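Have a look at the structure below before the remarks.
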Amino acid sequence: MLVQHDAPLAPLTTLRLGGPARRLVTATTDAEVVQAVREADAAGEPLLVIGGGSNLLIGDGGFAGTVLRIATTGFGLDAATLELAAGEVWADAVSRTVDEGLAGIEFLAGIPGSAGATPVQNVGAYGQEVSSSITEVVAYDRRAGGTVTLTGAECGFSYRHSRFKADPERYVVLRVRFALEDNGGLSTPVKYAETARHLGVEQGERVGLAAARDAVLRLRSGKGMVLDPADHDTWSAGSFFTNPVLTAAQYQAFLAGLDGRTAPAYPAPDGCTKTSAAWLIDQAGFGKGYGSGPATLSTKHTLALTNRGGATAGDLLALAREIRDGVRSAFGVELVNEPVLVGVAL
């Protein structure tokens with residue numbers, strides 16, 4: 001276990017923003033993770049747990065406590081059952097399952113971050129979410145003071161949400177288990193219209209696993225959503241805002257203010273409707289590349305707020321607030337940030 005003091009945190013995040021940690025602990029085994037958490041809790045020390053830093057915006061003041069960086073490794077495959085240590089690089093794990101001929105997470109290729117973060121956010125893209133294949137999550141329960149195993153049903157998954165996100169101070173994910181599918185080298189059914197068009201198939205059809213993965217990687221790369229240190233469009237936290245889910249009444253009010261425009265709409269649970277945050281941002285006047293300072297919208301995708309090389313967390317938040325307020329003014333819809341904010345608020 002590596003312990004550092006006054007350690008820079010910006011290099012550990014994909015936004016490359018944020019001040020230092022008073023104390024940074026890097027744990028490479030589950031036992032070290034548990035030890036670090038217990039020590040911090042026993043000392044009454046504020047604790048921030050990070051993995052790949054891809055869904056995280058840390059304030060310029062840093063973190064006045066212990067930051068635990070989970071760097072555990074472990075990729076276990078038994079037939080179609082996959083177990084990943086929390087610190088495994090998610091994009092690499094997806095590629096390995098595709099190479100093994102197993103379906104279930106192939107449309108989640110190229111997503112930055114660690115495996116342990118996927119159940120927290122119920123990571124999803126291109127019509128697939130980890131909730132559809134996660135069977136168990138092994139976590140350290142800080143409240144109970146021991147390790148627990150939660151079934152997929154017990155994780156409380158919903159759109160970009162979970163039991164872990166709802167109670168962020170309680171659980172530290174150690175391992176994630178998935179039930180994958182052996183479809184003879186074919187993917188799960190293609191659900192997302194953009195992916196189907198790119199592959200030249202109809203929604204609901206299956207394609208070769210490698211073709212599915214490669215198509216997603218091309219689509220993500222075209223939007224600056226695959227990490228590339230040389231491309232400032234990828235110096236982001238991915239999608240900064242979630243797609244709004246509107247109640248029936250909210251959706252009717254939204255439609256009334258569209259002035260003849262047609263907004264994307266997708267059925268959501270409980271009679272709700274999901275619309276596109278990217279469409280709202282663009283239609284509110286914030287196009288690709290918007291901004292003149294060190295923090296701007298990506299030149300490839302309006303949902304990504306990017307650090308052009310010299311930004312501060314304050315710069316990025318100022319841009320986020322401008323966009324949030326502009327969308328609210330134009331459409332009466334409140335955008336909600338997707339990344340975890342540490343030491344700052346939108």
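Because the structure is a prediction, the values reported are computed rather than measured.
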Are a donor atom and an acceptor atom from the side chains of [X] and [Y] found within less than 3.5 Å of each other?
| X | Y | answer |
| --- | --- | --- |
| T306 | R308 | yes |
| T81 | D78 | no |
| Q128 | T188 | yes |
| D228 | T234 | no |
| R22 | H5 | no |
| R23 | T66 | yes |

Can a donor-acceptor pair be found, under 3.5 Å and without considering hydrogens, that links the side chain of [X] to the backbone of [Y]?
| X | Y | result |
| --- | --- | --- |
| N122 | Y159 | no |
| E106 | L209 | no |
| E32 | T28 | yes |
| R206 | S187 | yes |
| Q250 | T247 | yes |
| S162 | P119 | yes |
| R69 | G51 | no |
| N307 | A311 | yes |
| S221 | L217 | yes |
| R175 | E136 | no |

Quick check: closest heavy atoms across [X] and [Y], and the distance to 0.1 Å?
| X | Y | answer |
| --- | --- | --- |
| A64 | P46 | O-CG, 3.8 Å |
| S236 | L305 | CB-O, 3.4 Å |
| Q4 | L2 | OE1-CD2, 3.9 Å |
| S54 | P112 | OG-O, 3.1 Å |
| T296 | G289 | CB-O, 4.1 Å |
| A115 | V176 | O-CG2, 3.8 Å |

For V342, the hydrophobic cluster (side chain heavy atoms closer than 4.5 Å, chained through members) also holds L9, L12, L24, L48, I50, L56, I58, F63, V67, V340
**Derivation of the side-chain hydrogen bond (donor to acceptor under 3.5 Å, both in side chains) call for S95 and D92** = CA-CA 5 Å; S95 284; D92 293 346; 6.0 Å; no
When rounded to the nearest 0.5 angstrom, what distance separates [atom1] in [X] from [atom2] in [Y]?
| X | Y | atom1 | atom2 | value |
| --- | --- | --- | --- | --- |
| E129 | S158 | CD | OG | 8.5 Å |
| D233 | K300 | CG | NZ | 3.5 Å |
| E39 | M1 | CD | CE | 5.0 Å |
| T135 | E83 | OG1 | CD | 9.0 Å |
| R218 | H198 | CZ | NE2 | 4.0 Å |
| T151 | R177 | OG1 | CZ | 12.0 Å |

### Task
For a side chain to side chain contact (heavy atoms under 4.5 Å, CB included) with L346, tell me which candidate from N337, L57, L335 qualifies.
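Exactly one option meets the side chain to side chain contact (heavy atoms under 4.5 Å, CB included) with L346, and it is N337.
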K165, NZ: over 12 other non-hydrogen atoms inside 6.0 angstrom: yes
(message) Just checking E194: does its CD atom have more than 12 heavy atoms from other residues, nucleotides or ligands closer to it than 6.0 angstrom?
(response)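 Atom CD in E194 is crowded, with more than 12 foreign heavy atoms closer than 6.0 Å.
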Assess R163 against Y171: is NZ or CZ under 6.0 Å from the centre of the six-membered ring, and within 45 degrees of the ring's axis?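 Cation-pi check for R163 and Y171: fails.
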Is there side-chain contact between [X] and [Y], with heavy atoms separated by less than 4.5 Å?
| X | Y | value |
| --- | --- | --- |
| N243 | T275 | no |
| S133 | I105 | yes |
| T73 | E88 | yes |
| P229 | R16 | yes |
| L280 | P244 | yes |
| E338 | N55 | yes |
| Y266 | T273 | no |
| I70 | V172 | yes |

- Task: Take D167 and R143 through the salt bridge (Lys or Arg N to Asp or Glu O under 4.0 Å) test and state the conclusion after the steps.
- Result: CA-CA 11 Å; D167 196 357; R143 190 174 301 164; 2.9 Å; yes
Single-linkage hydrophobic cluster [X]~[Y], side-chain heavy atoms < 4.5 angstrom:
| X | Y | result |
| --- | --- | --- |
| I111 | F240 | no |
| V34 | V148 | no |
| M225 | L108 | no |
| V216 | L199 | yes |
| V49 | V173 | no |

Worksheet item: Going through the checks in order, is the salt bridge (Lys or Arg N to Asp or Glu O under 4.0 Å) test met by D282 and K288?
Response: CA-CA 8 Å; D282 183 68; K288 296 174 184 176; over 6 Å; no
N/O donor-acceptor pairs under 3.5 Å from side chains in residues 179-186, not counting sequence neighbours:
{"residue": "E181", "atom": "OE1", "partner": "N183", "partner atom": "ND2", "Å": "3.0"}
{"residue": "D182", "atom": "OD1", "partner": "G184", "partner atom": "N", "Å": "3.1"}

(Q) I need the full list of ring pair (Phe, Tyr, Trp, His ring centres under 6.0 Å) pairs touching residues 85-138, with sequence neighbours left out, sorted by first then second residue. (A)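 Of all non-adjacent pairs touching residues 85-138, those that pass ring pair (Phe, Tyr, Trp, His ring centres under 6.0 Å) are W90-F178, Y126-Y192.
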Practice task
Run the numbers on V327 and F241 for side chain to side chain contact (heavy atoms under 4.5 Å, CB included), then give the verdict.
Solution key: CA-CA 11 Å; V327 167; F241 297 104; over 6 Å; no
Dump the intermediate steps for salt bridge (Lys or Arg N to Asp or Glu O under 4.0 Å) on D41 and R38, then the final yes or no. CA-CA 5 Å; D41 287 348; R38 284 177 170 163; over 6 Å; no
Practice item. For D259 and R261, run side chain to side chain contact (heavy atoms under 4.5 Å, CB included): C-alpha distance rounded to whole Å, both residues' side-chain angles, the deciding distance at 0.1 Å, then the answer. Key: CA-CA 6 Å; D259 296 327; R261 289 171 291 187; 4.3 Å; yes
- prompt: Does the pair D325/R328 count as a salt bridge with the N-to-O cut at 4.0 Å?
  reply: yes
Check the angle between the aromatic planes of Y290 and F286 and answer parallel, tilted or perpendicular using the 30° and 60° thresholds.
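It falls in the perpendicular class, over 60°.
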